[in-house]
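Everything below concerns the one structure shown next.
All of these numbers come straight from a predicted model, not from anything done at the bench.
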Amino acid sequence: MAMVADLKDELDIVIPTIRNLDFLEQWRPFFQPYHLIIVQDGDPSNAIRVPNGFDYELYNRDHVNKVLGPKASCISFKDSACRCFGFLVSKKKYIFTIDDDCFVAKDPSGKEINALAQHIRNLLKPSTPLFFNTLYDPFAEGADFVRGYPFSLREGVPTAISHGLWLNIPDYDAPTQLVKPRERNTSSSRYVDAVMTIPKGTLFPMCGMNLAFDRELIGPAMYFGLMGDGQPIGRYDDMWAGWCAKVICDHLGLGVKTGLPYIWHSKASNPFVNLKKEYKGIYWQEDMIPFFQSIVLPKECKTVQECYIVLAKSVKEKLGPIDPYFQKLGNAMVTWIEAWNELNPPPQTTAPTHPNAVKKN
């Protein structure tokens, strides 16, 4: 297996932000060898300070508009969903994305957790979505397949997504925040030293604040939707991407892992503000989730892009009657794939350059 350092030229770290990135100082021992793609949300005239010594590109809304032209309409504004622009312009095989209020966590022994290294281990080892191993990840050190696990399934499948967790502030929705305002995940008894594959046919609530994926395997499906400014919904961007990606992973025979690594989530967002953003999503998810549970992609769909276009059409047909927003979202999904194909053409052609991004070595 490749060492973590061997992937420094194969992985980009994508960070959405509206503020100075002082949090990177704590991550310096782990992140400094890697290239950062910073997507600045909000007012492009605001200067974002990045600590010295990091190799990065910084894109703001003006850059998004220049790179994508009319297709920029598919990238959310005033919402962390803007991070998917970084996925779009990256040319690396792997992506790790993290929020700017997330810091280095410690395991129960007090050792700092290299979250990036664990994500890479997760992605480089197979997943087992077709049969659940009760000892969790059979490819983890000190583990294996338990008695009764079919030998014909022990090779596993390629891992497309590694979904990490959080210590301190849990990723709760607004109603749960209001009911449990002081709840914190800080006890060592809450630390679970495990990685597991999410079974085929099972959806999950994906959180974008501590997430890695194989861009070549599943990148076109990692679209965080239309959220934030001008949209009737927010804080469902990562959920939407997770539901779409999981359905496509199941169809294409790819795996999704969840569990380690942990990060330290430092900031509890305002539950009343969150409720304003979420309330339609909380209502709509009772229709969205059955939609994703029931959809069957055609066997003819062999690529992520083909699968995603079918999903977009189904979103408009099945969810469109619920609210006009879903018609708009379905159209944006198609625009996203068009933008992906334009910026990520087959190897024999050349992708357009990205004008005027702020670059620092």
>> Could you walk me through whether Asp173 and Gln177 satisfy the side chain to side chain donor-acceptor pair (under 3.5 Å) test, starting with their C-alpha distance in whole Å, then the side-chain angles of each, then the deciding distance to 0.1 Å, before giving a yes or no?
In response: CA-CA 6 Å; Asp173 54 35; Gln177 282 183 291; over 6 Å; no
>> Working note: Phe213 + Tyr94, criterion ring-ring contact (aromatic ring centres under 6.0 Å, His included); need CA distance, chi angles, decisive distance, verdict.
In response: CA-CA 6 Å; Phe213 61 92; Tyr94 300 103; 9.4 Å; no
>> As a quick check of understanding, evaluate side chain to side chain donor-acceptor pair (under 3.5 Å) for Tyr236 and Gln285, giving each step before the final call.
In response: CA-CA 9 Å; Tyr236 271 82; Gln285 71 182 12; 2.8 Å; yes
> Going through the distances and angles, do Ser127 and Leu254 end up as a side chain to side chain contact (heavy atoms under 4.5 Å, CB included)?
Replying inline: CA-CA 8 Å; Ser127 294; Leu254 303 171; over 6 Å; no
> Can you check ring-ring contact (aromatic ring centres under 6.0 Å, His included) on Tyr325 and Trp284, steps first, answer last?
Replying inline: CA-CA 11 Å; Tyr325 166 74; Trp284 287 342; 5.7 Å; yes
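A salt bridge links Lys257 with Asp137: at least one charged nitrogen is closer than 4.0 Å to a carboxylate oxygen. A salt bridge is defined here as a Lys NZ or Arg NE, NH1 or NH2 lying under 4.0 Å from an Asp or Glu carboxylate O, and Glu10 with Lys93 fails to meet this definition. Between Arg83 and Asp99 there is a salt bridge, since at least one side-chain N of the basic residue sits less than 4.0 Å from a carboxylate O of the acidic one. For Asp22 and Arg49, the salt-bridge test passes: some basic side-chain N is under 4.0 Å from an acidic carboxylate O.
The one candidate from Glu57, Lys8, Lys92 that meets the side chain to side chain donor-acceptor pair (under 3.5 Å) condition with His35 is Glu57. Just one residue in the list Phe139, Phe151, Phe132, Tyr136 forms a ring pair (Phe, Tyr, Trp, His ring centres under 6.0 Å) with Phe145, and that residue is Phe139.
Asp214 contributes atom CG, which lies 11.0 Å from atom CE of Met222 (distance to the nearest 0.5 angstrom). Interatomic distance, CD1 of Ile120 versus CG of Leu7, reported as 4.5 Å (0.5 Å rounding). With rounding to the nearest 0.5 angstrom, the CZ atom of Phe54 is 8.5 Å from the CD1 atom of Ile13. Here NZ of Lys200 is found 6.0 Å from CG of Leu130. Values are rounded to the nearest 0.5 Å. Rounding to the nearest 0.5 Å places CD1 of Ile75 at 11.0 Å from CG of Asp41. Rounding to the nearest 0.5 angstrom, the gap separating the CD atom in Gln293 from the NZ atom in Lys246 is 11.0 Å.
Residue Trp240 is grouped with residue Leu203 when hydrophobic side chains (ILVMFWY) are merged at heavy-atom distances under 4.5 angstrom, including chains of intermediate members. Both Leu11 and Leu24 are assigned to one and the same hydrophobic cluster, defined by single-linkage of ILVMFWY side chains at heavy-atom distances under 4.5 Å. Each of Ile18 and Leu36 belongs to its own hydrophobic cluster when Ile, Leu, Val, Met, Phe, Trp and Tyr are linked at side-chain heavy-atom distances under 4.5 angstrom. The hydrophobic clustering, which links ILVMFWY residues whose side-chain heavy atoms are closer than 4.5 Å, places Leu58 and Phe77 apart. The cluster map of Ile, Leu, Val, Met, Phe, Trp and Tyr, joined by side-chain heavy atoms under 4.5 Å apart, puts Val192 and Val195 in the same cluster.
No hydrogens or angles considered: a donor-acceptor pair under 3.5 Å links the side chains of Asp101 and His265. Under 3.5 Å, the side chains of His119 and Asn210 contain a donor-acceptor pair of N or O atoms. Arg19 and Asn46 are not linked by any side-chain donor-acceptor pair at a separation below 3.5 angstrom, with hydrogens and angles left out of the test. Between Glu183 and Tyr172, the side chains place a donor N or O and an acceptor N or O closer than 3.5 Å (distance only, hydrogens not considered). Defined by atom type and a distance below 3.5 Å, a donor-acceptor pair is present between the side-chain atoms of Asp100 and Thr17. Judged by distance alone, the side chains of Gln327 and Asn331 never bring a donor and an acceptor atom under 3.5 Å apart. Side-chain N/O atoms of Asn274 and Ser269 include a donor and acceptor closer than 3.5 Å.
Between Gly86 and Val39, the closest heavy-atom pair is N-CG2, 3.8 Å. Taking both residues in full, the closest heavy atoms of Leu21 and Ile48 are given as CG-CG2, 4.4 Å, listed atom of the first, atom of the second, then distance. Minimum heavy-atom separation, Cys301 to Val310: SG-CG2, 3.6 Å.
Using cut-offs of 30° and 60° for the angle between ring planes, the Phe224 and Phe87 rings count as perpendicular. Using bins of under 30°, 30° to 60° and over 60° for the plane-to-plane angle, the ring pair Trp243/Phe292 lands in the tilted bin. Between Phe30 and Trp27, the ring-plane angle classifies as perpendicular under the 30° and 60° cut-offs.
More than 12 heavy atoms of other shown residues, nucleotides or ligands fall within 6.0 angstrom of atom NZ in Lys316. Within 6.0 Å of atom CZ in Arg190, 12 or fewer heavy atoms from other residues, nucleotides or ligands are found, so the atom counts as exposed in its surroundings.
At least one donor-acceptor pair closer than 3.5 Å links the side chain of Asp250 to the backbone N or O of Gly201.
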